[in-house]
Amino acid sequence: MTDRTSGEPPVTGAKGPDELRRQIERTRSELGDTVEELAGKMDVKGRARARAADLRDKAGAMTVQLRSSAAQAGHTVHDRAMQAGHKVQDTAAKTGHQVQDKAVKTGHQVQDRTQRAGHVTQDRASQTSAALERKAQHSVPAPARPLVMAALRHPRPVLIFGAAVAAVVVVSWRYPKK
């Protein structure tokens, strides 16, 4: 018999019973290895289970990574919103102090005008807010209306959630399923 995989020269014949037994044992061992290899290749169910386990592990790792990215994006958006809020607040305070200083310098007449302008601005902001709510109540479909109304009343959580959704969309677009 010849061994085509190991590259050994063909066996010509046994020179004695001991050598013949060794050749038989070697042939049995090689045949057993070949049968095991073939059985492994034929075990489609086992290979499918292993592949499914690998894919589950990958999906779990990707989920953890996505959650981490979304949380990080949410924190970043929150921090930037806080910084912007502080800047607006500082600017408004500075502007208010400047207006107040000018009002004191020019007298009560300027102060009265400033107050009236503040009231007008506040009234317009209230009217705009009410108009937005009315428009949302009439133009947004009923199932989404409570969500839109909550978003108008509390914009910060909506911005954070929107950033998280955007992060998930970007990651899924960047790493599509194969």
Name each donor-acceptor pair under 3.5 Å that joins a side chain in residues 157-167 to protein atoms two or more places apart or in another chain, with its distance.
none

Exercise. In chain order, what residues pass the salt bridge (Lys or Arg N to Asp or Glu O under 4.0 Å) check against E37, with sequence neighbours excluded?
Worked result: none
For this session: Only counting residues at least two apart or in another chain, list the ones meeting salt bridge (Lys or Arg N to Asp or Glu O under 4.0 Å) with R51.
Result: none
Seminar exercise, completed: Rounded to the nearest 0.5 Å, the CG atom of L55 sits from the CE atom of M62 at a distance of 11.5 Å
For this session: Please identify each residue that fulfils salt bridge (Lys or Arg N to Asp or Glu O under 4.0 Å) with R21, with sequence neighbours left out.
Result: D18
For this session: For R28, enumerate each residue passing the side-chain hydrogen bond (donor to acceptor under 3.5 Å, both in side chains) test, keeping only those at least two apart in sequence or located in another chain.
Result: E25
For this session: Could I get the full list of side chain to side chain contact (heavy atoms under 4.5 Å, CB included) partners for K58, not counting sequence neighbours?
Result: none
